[in-house]
Amino acid sequence: MEFPVPGGLVGSHPVPALLHATAAAAVIRTDIYHLGTPLPSYRVGAVALLGDAAHAMTPFLGQGANQAIEDAVVLSAACDPAGDVVTALTAYDAQRRPRSQRVARAALHIGRFGQQLSNPVAVGLRNAVMRLTPPRIALRSMAGHADWDPPVIPSTTA
C-alpha cells in the first residue's frame, strides 16, 4: 500500500504520511515528569504517598506501574487493622523508599544513555556496546529491577 508523503511523493511508510496529514492543533503533547529530588519520606503523620505521587519516574525501564503495585502490596502488608497507623506507614516508608528511588534513578540514567542521546559519536558507541553485549548479560541487568519478593503477610487463622 502506498501513502502520500510531503512534497507530493508517494511512499510505503504510513507513519510519516500520517504525521504530515495531521493538523498541528490535533496533536496532543504530554511531557514526561519525574521527581528530580527524591522525597525524604513517603509518610507525614498518618498520611502516606505511593505510586507516582511518591516516586514519579521516567518510562525508560517500564517500572512505574510495577513500583506502584509493589507499594500497594507493601502498604497492605504493613497495615494491621488493630495496629497503629503511623507505625504501619513508617514501616511501609522504610521498606519502599530505598527500592523505588533506586529504580527511579536507574530509569533516569537509562534514558540519558538510551533514547536521549543525540551526539552521533555517543549514539554509535552506545549501539556498538549494545550489539556486543551478550543477551544473557543484558537480561540480567534488567532483571535486577524486576526481581522483587513481596512481603509475607502473616495468616490470621490458626
Side-chain angles (χ1 to χ4, degrees), residues 13-20 22-81 83-154:
H13 300 288
V15 174
L18 181 63
L19 292 173
H20 179 70
T22 303
V27 175
I28 298 171
R29 177 187 165 152
T30 305
D31 292 331
I32 296 173
Y33 296 99
H34 72 282
L35 293 176
T37 302
L39 297 177
S41 177
Y42 293 171
R43 178 198 69 81
V44 174
V47 176
L49 299 175
L50 64 127
D52 282 350
H55 47 72
M57 61 185 71
T58 58
F60 303 114
L61 281 177
Q63 282 289 309
N66 296 342
Q67 293 304 303
I69 292 168
E70 289 181 19
D71 289 349
V73 170
V74 171
L75 184 58
S76 68
C79 290
D80 175 359
D84 178 56
V85 171
V86 172
T87 301
L89 297 182
T90 300
Y92 155 76
D93 178 63
Q95 290 178 53
R96 288 302 303 150
R97 200 161 24 92
R99 173 169 164 73
S100 60
Q101 289 179 351
R102 186 173 56 252
V103 171
R105 269 191 315 275
L108 185 63
H109 292 313
I110 291 292
R112 286 185 179 149
F113 296 106
Q115 293 89 336
Q116 295 173 345
L117 276 183
S118 60
N119 180 302
V121 174
V123 170
L125 182 61
R126 179 210 51 211
N127 292 349
V129 167
M130 293 301 292
R131 274 192 306 276
L132 296 172
T133 301
R136 71 181 183 287
I137 292 175
L139 287 173
R140 191 178 325 144
S141 72
M142 295 300 290
H145 303 296
D147 188 22
W148 177 70
D149 293 317
V152 175
I153 300 174

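Here the closest non-hydrogen pair linking His145 and Ala106 is CE1-CB, 3.4 Å. Closest of all the heavy-atom pairs between Gly51 and Ala68 is CA-CB, 3.7 Å. Closest of all the heavy-atom pairs between Cys79 and Ala88 is CA-CB, 3.9 Å. Residues Leu89 and Gly45 come closest through the heavy atom pair CD1-O, 4.1 Å.
Going from atom CZ of Arg105 over to atom CG of Leu35 covers 12.5 Å, rounded to the nearest 0.5 Å. Between atom CG of residue Leu50 and atom CG of residue Asp93 there is a gap of 12.0 Å, rounded to the nearest 0.5 Å. Distance check, rounded to the nearest 0.5 Å: OG of Ser100 to CG of Asn66 gives 12.5 Å.
In this view, Ala53 and Leu49 satisfy the side-chain contact (heavy atoms from CB on, under 4.5 Å) rule, not counting sequence neighbours. With sequence neighbours left out, the side-chain contact (heavy atoms from CB on, under 4.5 Å) criterion links Pro134 to Arg136, Ile137. The side-chain contact (heavy atoms from CB on, under 4.5 Å) check on Leu19 picks up Val15, with sequence neighbours excluded.
A side chain to side chain donor-acceptor pair (under 3.5 Å) check over residues 45-63, counting only residues at least two apart or in different chains, returns the pairs His55-Asp71, Gln63-Gln67. Within the structure, salt bridge (Lys or Arg N to Asp or Glu O under 4.0 Å) contacts touching residues 31-50 (residues at least two apart or in different chains) are Arg29-Asp31.
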Please report, to 0.1 Å, the donor-acceptor pairs under 3.5 Å made by any side chain of residues 117-126, with sequence neighbours excluded.
residue: Asn119; atom: OD1; partner: Val121; partner atom: N; Å: 2.8
residue: Asn119; atom: OD1; partner: Ala122; partner atom: N; Å: 3.2
residue: Arg126; atom: NH1; partner: Gly114; partner atom: O; Å: 2.3

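Checked by atom type and distance alone, the side chain of Arg96 never pairs as donor or acceptor with a backbone atom of Ala72 at under 3.5 Å.
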(request) Quick one: do Trp148 and Val74 satisfy side chain to side chain contact (heavy atoms under 4.5 Å, CB included)? Show the steps, please. (result) CA-CA 11 Å; Trp148 177 70; Val74 171; 3.7 Å; yes

